[in-house]
2 protein chains.
Amino acid sequence: MENNRYKDIPHKTIERLSQYRRALHICADKGKTNIFSHEIASLLHITAVQVRRDLMLIGYSGSLRKGYNINDLVRLIGDLIDSPEGQKVAIFGMGNLGRAIINYFQGKREKLTITAGFDINPEKTNRVIDGIYCYPVEKAVDVIHKEGIKIGILTVPGDQADETVNIMVDAGIKGILNYTPTPVEVPDDVYLEEYNMISSIEKVAFYVKENKS
Amino acid sequence: MENNRYKDIPHKTIERLSQYRRALHICADKGKTNIFSHEIASLLHITAVQVRRDLMLIGYSGSLRKGYNINDLVRLIGDLIDSPEGQKVAIFGMGNLGRAIINYFQGKREKLTITAGFDINPEKTNRVIDGIYCYPVEKAVDVIHKEGIKIGILTVPGDQADETVNIMVDAGIKGILNYTPTPVEVPDDVYLEEYNMISSIEKVAFYVKENKS
DNA sequence: CCATTTTTGTTATTCATTTAACAGTGCAAA
DNA sequence: TTTGCACTGTTAAATGAATAACAAAAATGG
């Protein structure tokens with residue numbers, strides 16, 4: 001019945017596929033045409049079994065003697081994780097973090113483009129920052145509707161997280177990546193991914209401390 | 001034999017404890033003295049069972065009728081995840097991302113301070129940026145040794161990740177948080193946490209696309 | 001032509017984490 | 001008193017993810 005045959009692929013596999021693709025692009029640029037599972041594994045510092053298992057899940061078969069064809073694999077990963085018509089992304093909060101993401105990301109992915117930025121600071125709004133036009137948040141609903149943006153990245157200060165998420169949801173955003181230290185809530189039909197940078201630092205600090213003893 | 005009684009606490013619990021503490025601080029500032037597991041849960045948008053289970057793991061008992069004492073709990077979490085003598089952190093790469101982390105983080109944690117920044121860009125080095133002194137990377141080994149820095153955050157461009165990690169490890173860094181799109185390798189005695197922002201965005205995009213159909 | 005090597009694809013197992021189930025406790029109201 | 005309620009703390013089950021184990025295939029070298 002369901003035609004979304006990929007629903008049961010583990011979240012972690014999806015993340016790794018994105019990383020495989022990046023590594024494969026680099027290999028292809030070097031003129032490589034084929035690659036073994038253990039080569040991919042060593043690029044990402046994971047195990048070859050995990051690579052093969054991930055590729056099994058997406059139904060790609062390599063050649064027994066030559067490994068995987070890089071171009072085919074890149075294409076297949078694209079078929080799986082990209083949307084053929086492309087997807088637009090908006091950044092909420094054009095501070096350092098928002099701009100860092102723009103610089104890391106923009107232009108690297110054919111099917112995923114950062115299309116708009118939003119901020120409340122009048123010094124930032126109504127002009128282009130790092131190649132992205134920055135609107136005042138009041139325009140968010142309009143712009144997001146008109147552009148058909150479905151993905152939003154939240155990089156505002158923690159105390160503005162909740163109100164900004166409400167705006168995003170109202171405007172029709174269906175996937176949010178929250179980099180704010182404040183956990184937020186969204187309706188069931190909105191996919192939410194939270195990443196708390198402060199917790200990550202504290203976690204590293206904890207394991208450093210523990211190893212020492 | 002082992003006196004590190006906390007070695008078997010799940011990684012995910014450590015992350016949440018850091019988040020509990022943040023939420024508890026906010027509650028304490030509002031004058032609250034006690035809190036129930038379901039209140040903490042709703043602040044973080046998780047379940048009350050999970051909160052109770054985490055607190056059980058660190059051996060804290062609340063009162064049946066009044067819930068948990070906020071001050072006691074904050075103190076206990078601190079005893080667990082903080083290092084009593086404090087820990088110093090260095091940022092490698094003082095671009096937008098490095099500065100975003102400084103601004104999110106600095107001054108928020110008593111026992112964890114960002115002490116130095118490093119960069120290769122001469123326009124950034126040998127001066128204070130966002131309150132942190134930025135050294136040229138050549139000075140890294142010296143400074144890290146002298147300051148006793150054990151934790152490093154990697155925010156350089158992807159193509160400089162490997163060489164920078166080597167410098168960090170040589171200098172004596174024992175915990176690395178890698179925000180670069182490039183996976184890196186470290187010796188066994190160095191704790192490594194990788195976070196790939198690009199994968200996260202692609203993951204959100206994937207689940208948005210899938211939900212649509 | 002057969003044994004050896006190398007690699008893939010898949011199933012089984014183990015490990016980690018979350019969720020569920022429920023016993024125990026103390027207060028409050030009848 | 002005692003019944004009900006709203007909690008906590010803990011054990012048990014379910015889910016999710018990584019790792020291990022191994023069969024099958026194809027090239028290579030004797």
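So you know, we letter chains A, B, ... as the sequences are listed, proteins then strands, and number each from 1. Fair warning: this is a prediction, and the values are worked out from it, not measured in the lab. Below, all heavy atoms of this structure are taken into account, side chains as well, without hydrogens, waters or symmetry copies.
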Problem - Any N/O donor-acceptor pair, B:Arg53 side-chain to C:dT19 base, under 3.5 Å - result: yes

Practice task
Between D:dC7, D:dG9, C:dT17, spot the one nearest the side chain of B:Leu64, thanks.
Solution key: D:dC7

Handout entry: Whole-Å distance separating the CG atom of B:Leu55 from the P atom of D:dT8
Key = 9 Å

Problem - Integer-rounded Å distance: C:dC27 P and B:Asn34 CG - result: 14 Å

Exercise for the section: Take B:Ala48 and A:Thr47, find for each the nucleotide of DNA chain D with the closest heavy atom, and name the residue whose nucleotide sits nearer the 5' end. Expected result: B:Ala48

Problem - For atom CG of B:Asn69 and atom C1' of D:dT8, their distance in whole Å - result: 15 Å

Exercise for the section: Identify whether any heavy atom of B:Thr13 sits under 4.0 Å from a base atom; if not, whether one sits that close to sugar-phosphate; answer base, sugar-phosphate or nothing. Expected result: nothing

Exercise for the section: Measure the shortest side-chain to side-chain distance between B:Leu97 and B:Ile91 over non-hydrogen atoms and say whether it is less than 4.5 angstrom. Expected result: no

Practice task
Compare side-chain N and O positions of A:Arg65 against OP1 and OP2 of C:dT7 and report whether any pair is under 4.0 Å apart.
Solution key: no

Handout entry: Per A:His38 side chain, nearest of listed nucleotides D:dT8, D:dA18, C:dT7
Key = C:dT7

Problem - Interatomic distance, B:Ile58 CD1 vs D:dG9 P [rounded to whole Å] - result: 11 Å

Handout entry: Whole-Å gap separating P (D:dA6) and CZ (B:Phe36)
Key = 11 Å

Problem - Pairwise side-chain contact, A:Ile153 with A:Phe92, heavy-atom cut-off 4.5 Å (strictly under) - result: no

Fill in the blank from the handout: Atom NZ of A:Lys12 and atom P of C:dC15 are separated, to the nearest Å, by 18 Å

Handout entry: Under-4.0 Å side-chain N/O to phosphate OP1/OP2 contact, B:Arg16 with C:dT18
Key = yes

Exercise for the section: With the side chain of A:Gln50 defined as its heavy atoms from C-beta on, choose the nearest nucleotide among C:dT8, C:dT19, D:dT19. Expected result: D:dT19

Handout entry: Nearest-neighbour nucleotide for the B:Arg52 side chain, D:dG9, D:dA20, C:dT17 considered
Key = D:dG9

Practice task
Starting at atom CG of A:Leu57, determine the distance to atom P of D:dA17, rounded to an integer number of angstrom.
Solution key: 11 Å

Practice task
Would you please indicate yes or no on a ring centroid separation below 6.0 angstrom for A:Tyr68 and A:Phe36?
Solution key: no

Exercise for the section: Give the rounded distance in Å between these two atoms: NE2 of B:His11 and P of C:dC15. Expected result: 15 Å

Exercise for the section: Side-chain contact test, heavy atoms from C-beta onward, threshold under 4.5 Å: evaluate it for A:Val89 versus A:Ile149 and give yes or no. Expected result: no

Exercise for the section: Could you please name the option among C:dA21, C:dT17, C:dT10 that lies closest to any side-chain atom of A:Met56? Expected result: C:dT10

Exercise for the section: For B:Lys66, look at atom NZ and say whether over 12 heavy atoms of other residues, nucleotides or ligands are found less than 6.0 Å away. Expected result: no

Exercise for the section: Could you work out which one of D:dA17, D:dG9, C:dT18 sits closest to the side chain of B:Tyr68? Expected result: D:dG9

Problem - Partner of B:Arg21 by salt bridge (Lys or Arg N to Asp or Glu O under 4.0 Å), out of B:Asp79, B:Asp54, B:Asp82 - result: B:Asp82

Exercise for the section: Indicate whether any N or O donor in one side chain lies under 3.5 Å from an N or O acceptor in the other, for B:Ser199 and A:Gln19. Expected result: yes

Handout entry: Near-ring test A:Tyr195/B:Tyr195, centroid separation under 6.0 angstrom
Key = yes

Fill in the blank from the handout: Axis-to-axis angle across the helix from C:dC1-D:dG30 to C:dA30-D:dT1, five pairs each end, nearest 10 degrees, ~ 20°

